[in-house]
Number of protein chains: 2
Amino acid sequence: MTTGHLEHQIRSRLAAGGVRFTDGRRRVVAALAEADGPRSAAELHAALGTSIPLSSLYRSLSVMADAGALAHHHGSKGVTRYELAEWLTGHHHHLVCVDCGTVDDIELSEDLETTLQNVVKRVAKSAGFAADGHTLEIDGLCTDCQ
Amino acid sequence: MTTGHLEHQIRSRLAAGGVRFTDGRRRVVAALAEADGPRSAAELHAALGTSIPLSSLYRSLSVMADAGALAHHHGSKGVTRYELAEWLTGHHHHLVCVDCGTVDDIELSEDLETTLQNVVKRVAKSAGFAADGHTLEIDGLCTDCQ
DNA sequence: TTCCTTGCAAACGATTTGCATTGGA
DNA sequence: TCCAATGCAAATCGTTTGCAAGGAA
């Protein structure tokens with residue numbers, strides 16, 4: 001079990017904030033790295049064989065998000081799902097199933113992404129809004145729920 | 001107090017689903033029509049002078065959303081905000097404040113919107129996803145929270 | 001008369017927090 | 001040694017639901 005590049009990046013980022021990268025957190029990160037989209041605390045709890053109590057999971061997710069290692073997404077039924085921050089995974093967008101709530105990551109072509117960024121910049125500026133990110137959310141039914 | 005075009009449209013839509021457009025619901029719709037973005041049950045409760053109990057508010061919002069008159073948006077801290085459906089207000093996107101959670105509506109230029117729609121269609125199809133809507137969410141700090 | 005809506009109170013479920021204990025650097 | 005992390009139980013908080021009374025068609 002070698003310490004990969006991803007773990008190294010996260011460890012440094014967390015350390016900068018006085019946050020420890022414990023074994024449990026390493027396993028949470030691994031689960032998120034394997035996922036193809038954001039995951040909720042409950043989903044991670046199950047994925048990790050319930051080995052980490054929900055309260056610890058919630059605390060670790062929130063701490064790692066505060067440190068900038070994770071990003072969160074708010075879905076239906078008040079469920080928050082976490083994923084690795086974009087500086088770790090690259091910029092992407094979301095396919096959100098309105099039925100089961102699952103979220104899948106997608107990437108846009110480089111040219112549309114550029115166009116999008118220009119528009120975001122322009123629109124935000126004209127609204128006096130300090131934009132720091134954007135996501136195109138596509139709502140609909142995933143293959144399982146159709 | 002005349003019955004405007006908007007109320008007429010909503011009344012018909014609700015009626016089609018066996019849903020009544022009561023006085024309380026009319027006031028909720030009026031509050032949403034005046035807002036410049038989605039509003040939570042708590043925000044509406046306050047805006048209406050707490051005259052409508054939260055439970056009734058939640059029930060009305062959910063019933064009207066099911067009937068297709070309202071749409072919902074999921075924001076930080078697990079708060080759901082409602083707004084008039086797009087067939088009533090026109091298609092738009094969101095400026096989401098990561099600090100206070102407020103959401104403001106914005107419209108894109110027609111050409112970018114068209115481009116966006118094409119990409120959504122293409123991306124969804126290739127993922128086997130049945131898309132029925134999309135929103136560009138711009139996260140950042142609103143003028144108040146900067 | 002039939003069915004929808006309303007209010008209140010109780011129930012829920014996701015998430016948070018207090019506190020004592022354990023563990024890492 | 002010192003401060004952060006962990007676990008459990010209790011507490012929060014947004015939202016939902018059961019039920020009896022009120023209202024519209």
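Residue numbers start from 1 in every chain, and the chains themselves are labelled A, B, ... in the order their sequence lines are given, proteins ahead of strands.
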Nearest whole angstrom, please: distance from the [atom2] of [N] to the [atom1] of [X].
X: A:Tyr82; N: C:dA14; atom1: OH; atom2: C1'; value: 11 Å
X: B:Leu48; N: C:dT6; atom1: CG; atom2: C1'; value: 15 Å
X: A:Asp66; N: D:dA4; atom1: CG; atom2: P; value: 14 Å
X: B:Leu57; N: D:dG14; atom1: CG; atom2: P; value: 13 Å
X: A:Lys77; N: C:dG13; atom1: NZ; atom2: P; value: 8 Å
X: B:Tyr58; N: C:dA10; atom1: OH; atom2: P; value: 19 Å
X: B:Leu44; N: D:dT15; atom1: CG; atom2: C1'; value: 14 Å
X: A:Asp23; N: D:dA4; atom1: CG; atom2: C1'; value: 15 Å

Closest-nucleotide ordering on DNA chain C, the 5'-leading residue of A:Ala42 and B:Gly18: B:Gly18
Just compare [options] and give me whichever is closest to any side-chain atom of [X].
X: A:Arg20; options: D:dG7, C:dG24, C:dC3; answer: C:dG24
X: B:Ser56; options: D:dG14, C:dT6, C:dT17; answer: C:dT6
X: A:Ala41; options: C:dT15, C:dG7, D:dT6; answer: C:dT15
X: B:Arg25; options: D:dA5, D:dG7, C:dT6; answer: C:dT6

With heavy atoms under 4.0 Å as the rule, sort [X] into base, sugar-phosphate or nothing.
X: B:Thr80; result: sugar-phosphate
X: B:Ser60; result: sugar-phosphate
X: B:Val19; result: sugar-phosphate

Answer whether the closest heavy-atom distance between the side chains of [X] and [Y] falls below 4.5 Å.
X: A:Ile106; Y: B:Phe129; value: no
X: A:Leu84; Y: A:Ile10; value: yes
X: A:Arg39; Y: A:Tyr82; value: no

Residue that, paired with A:Arg81, satisfies side-chain hydrogen bond (donor to acceptor under 3.5 Å, both in side chains) out of A:Glu43, A:His94, A:His74: A:Glu43
Under-4.0 Å side-chain N/O to phosphate OP1/OP2 contact, B:Ser55 with D:dT17: no
Aromatic plane relationship, B:His91 with B:His134 - under 30° parallel, 30 to 60° tilted, over 60° perpendicular: perpendicular
Side-chain-base donor-acceptor pair under 3.5 Å for A:Arg59 and C:dG18: yes
